[in-house]
K.L.:
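This structure is in structure tokens; I'll ask about it shortly.
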Amino acid sequence: MVAESSAAAPVRLDVVEPARLDVAEQARLDFVLRLRQRWGDTLYPALVASARTADPEVAGRPVDEVAPVVHAQPQYPWFAWGERGVQKMMWRAITDVVRRQRLALPEPDDAPGSLELDPDLVPPAYYTEYDIHIQPGGLWDNEEAALVYEMGAKIVMMGGNDDYLFHDLLTRTATPAREPRRIVDLGCGFGKSTRPFARVYPQAEVIGVDLAAPVLRLAHAQAAAHGLPIRFVQADAAATPFQDGSVDLVTATMLIHEIPPADLAEVFSEIARILAPGGSVRILDFQPTGDGPRDLAMREHGARNNEPFMPMLFDTDIVGMCRERGLEARWVAFDERGEGRLDGLAWPERKEWHFPWAVLEAETVA
Ligand SMILES: C[S@@+](CC[C@H](N)C(=O)[O-])C[C@H]1O[C@@H](n2cnc3c(N)ncnc32)[C@H](O)[C@@H]1O
């Protein structure tokens, strides 16, 4: 994941209390985030406009025909390295803050939820062989990783998307008709996608699953700080400890584009196994839009931001994968700053760079 931006939105750094950032740290983070903002709201539209001048039909062309047109534009080198370079600068700046302040994972004394770590878990090779999002060491390597990742997640969606609005929008606008009694959030990270489900369904058992112990420890501490009784479990989404037919709602946010297709097929088999009859799936991720330059930027984002399976997700028939496993599925577009779930697969027009969010909705076939 990288920049979401809006010309009018102020940059807020409220993950760290302002008093705890010294002047140099504040200036450095503001600089990095302003660069990110300009990348999205100025450079991206300029690149697209230039490509459209060079080829007025470019928007309707397939991405392999769009690529040479976009790559030939004078803005392209700035755009391409801007995305990767700013992301690297952000992690470096945040890591320095975490280290200087000697931030450590909190250990809650009294938590309404629980944490089940599995010291014997061997993560799949695809998960450990590259640094996801270019974050040095990824999320699973050490305690610092969770703190750095959280701070990055907090500030990366500047302005209108602070406070994780899009997670709330998913739980409020894409909920299944049947009230779930047991909810599993696969790839829950530090729990920001899980907590809204615990708030919206206080009577339900809410469980977050992730491969990475550091983020789960942070998730547990943060759920405790919010007074939410969430159970966090360290497991592979393809091999969870839940019984057959025991879950009413399986959700996942920004997980499936991080998993290669063969492993993703196993994850959907697992989802089909644990879902109760009449159960539902709500997966928030990304889909191609049909707009050539935007889809090219999204595919190249996968390469530039170390998310190598992103283009594979776009080339995989997830609806068919679900159907083979007894799940009737559809993708619908998602407006992460406005309406949330939209009908159909069309997104509102916006000039600045923004992700093509989409919800995979599925139900078990009776
Ligand atoms: C982009 S993060 C999203 C975290 C969270 N859902 C959110 O929206 O903030 C993806 C998460 O999926 C986890 N993950 C990746 N592959 C996984 C797998 N096979 N099983 C369980 N978790 C996985 C990663 O450790 C990471 O925490």
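Note that ligands are numbered from 1 as they come in the structure, with each ligand's atoms numbered from 1 the same way.
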K.L.:
Mark up the atoms of ligand 1 that fall under 4.0 Å of a heavy atom belonging to Lys192, in ascending order.
P.N.:
7 (C), 8 (O), 9 (O)
K.L.:
Is it the case that ligand 1 has an N or O less than 3.5 angstrom from some N or O of Ala237?
P.N.:
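For ligand 1, there is an N or O atom that lies under 3.5 Å from one belonging to Ala237.
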K.L.:
Report the part of Glu258 (side chain from C-beta onward, or backbone N, CA, C, O) that has a heavy atom under 4.0 Å from ligand 1; answer both or neither where that applies.
P.N.:
side chain
K.L.:
Short list, please: which atoms of ligand 1 are under 4.0 Å from a heavy atom of Leu255?
P.N.:
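Per the distance check, 12 (O), 14 (N), 15 (C), 16 (N), 17 (C), 23 (C).
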K.L.:
Taking the inter-plane angle between the rings of His220 and Phe232 on a 0 to 90° scale, is it parallel (under 30°), tilted (30 to 60°) or perpendicular (over 60°)?
P.N.:
perpendicular
K.L.:
State whether a side-chain donor-acceptor pair under 3.5 Å links Glu258 with His133.
P.N.:
yes
K.L.:
If we set the cut-off at 4.0 Å for heavy atoms, which region of Tyr164 has an atom near ligand 1: side chain, backbone, both, or neither?
P.N.:
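Neither; no heavy atom under 4.0 Å.
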K.L.:
Is the contact between Pro124 and ligand 1 made by the side chain, the backbone, both, or neither, using heavy atoms and a 4.0 Å cut-off?
P.N.:
neither
K.L.:
Ignoring angles and geometry beyond distance, decide whether Ile259 reaches within less than 3.5 Å of ligand 1 through its nitrogen or oxygen atoms.
P.N.:
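N/O-N/O distance under 3.5 Å: no.
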K.L.:
Going by distance alone, is a donor N or O of one side chain under 3.5 Å from an acceptor N or O of the other, for His257 and Gln287?
P.N.:
no
K.L.:
Classify the ring geometry of Trp39 against Trp353: parallel below 30°, tilted from 30° to 60°, perpendicular beyond 60°.
P.N.:
perpendicular
K.L.:
Could a heavy atom of Ala238 be found less than 4.0 Å from some atom of ligand 1?
P.N.:
no
K.L.:
For Phe309, is the nearest heavy atom under 4.0 Å from an atom of ligand 1?
P.N.:
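No, that is not the case, since the closest heavy atom of the residue is not under 4.0 Å from the ligand.
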K.L.:
Just do the salt bridge (Lys or Arg N to Asp or Glu O under 4.0 Å) check on Asp41 and Arg350 with the steps written out, would you?
P.N.:
CA-CA 10 Å; Asp41 68 22; Arg350 266 160 54 187; over 6 Å; no
K.L.:
Give the contacting part of Thr253 toward ligand 1: side chain, backbone, both or neither, where contact means a heavy-atom distance below 4.0 Å.
P.N.:
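Both of them.
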K.L.:
Do the ring planes of Tyr126 and Phe309 sit parallel (below 30°), tilted (30 to 60°) or perpendicular (above 60°)?
P.N.:
perpendicular
K.L.:
Could you check whether the rings of Tyr149 and Phe190 sit parallel, tilted or perpendicular, using 30° and 60° as the cut-offs?
P.N.:
perpendicular
K.L.:
Tell me the contacting part of Tyr127 for ligand 1: side chain, backbone, both, or neither, using a 4.0 Å heavy-atom threshold, strictly below.
P.N.:
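Contact part for Tyr127 vs ligand 1: side chain (C-beta onward).
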K.L.:
Do any nitrogen or oxygen atoms of Asp210 come within less than 3.5 Å of a nitrogen or oxygen of ligand 1?
P.N.:
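Among all N and O atoms of Asp210, at least one is under 3.5 Å from an N or O of ligand 1.
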K.L.:
Under 4.0 Å from a heavy atom of Tyr149: give me the atoms of ligand 1 that qualify, with their elements.
P.N.:
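This gives 1 (C), 2 (S), 3 (C) as the contact atoms.
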K.L.:
Should the heavy atoms of other residues, nucleotides or ligands under 6.0 Å from CZ of Arg181 be counted, would the total exceed 12?
P.N.:
no
K.L.:
Relative to the heavy atoms of Asp236, which atoms of ligand 1 are at a distance of less than 4.0 Å?
P.N.:
18 (C), 19 (N), 20 (N)
K.L.:
Any side-chain donor-acceptor pair under 3.5 Å between Asn305 and Glu307?
P.N.:
yes
K.L.:
Ligand 1 versus Ala235, non-hydrogen atoms closer than 4.0 Å: side chain, backbone, both, neither?
P.N.:
backbone
K.L.:
Quick check: are there more than 12 heavy atoms from other residues, nucleotides or ligands sitting under 6.0 Å from CD of Glu339?
P.N.:
no
K.L.:
Identify, by atom number and element, the atoms of ligand 1 in contact range of Ser193, meaning under 4.0 Å from any of its heavy atoms.
P.N.:
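Listed by number with element, the hits are 5 (C), 6 (N), 7 (C), 8 (O).
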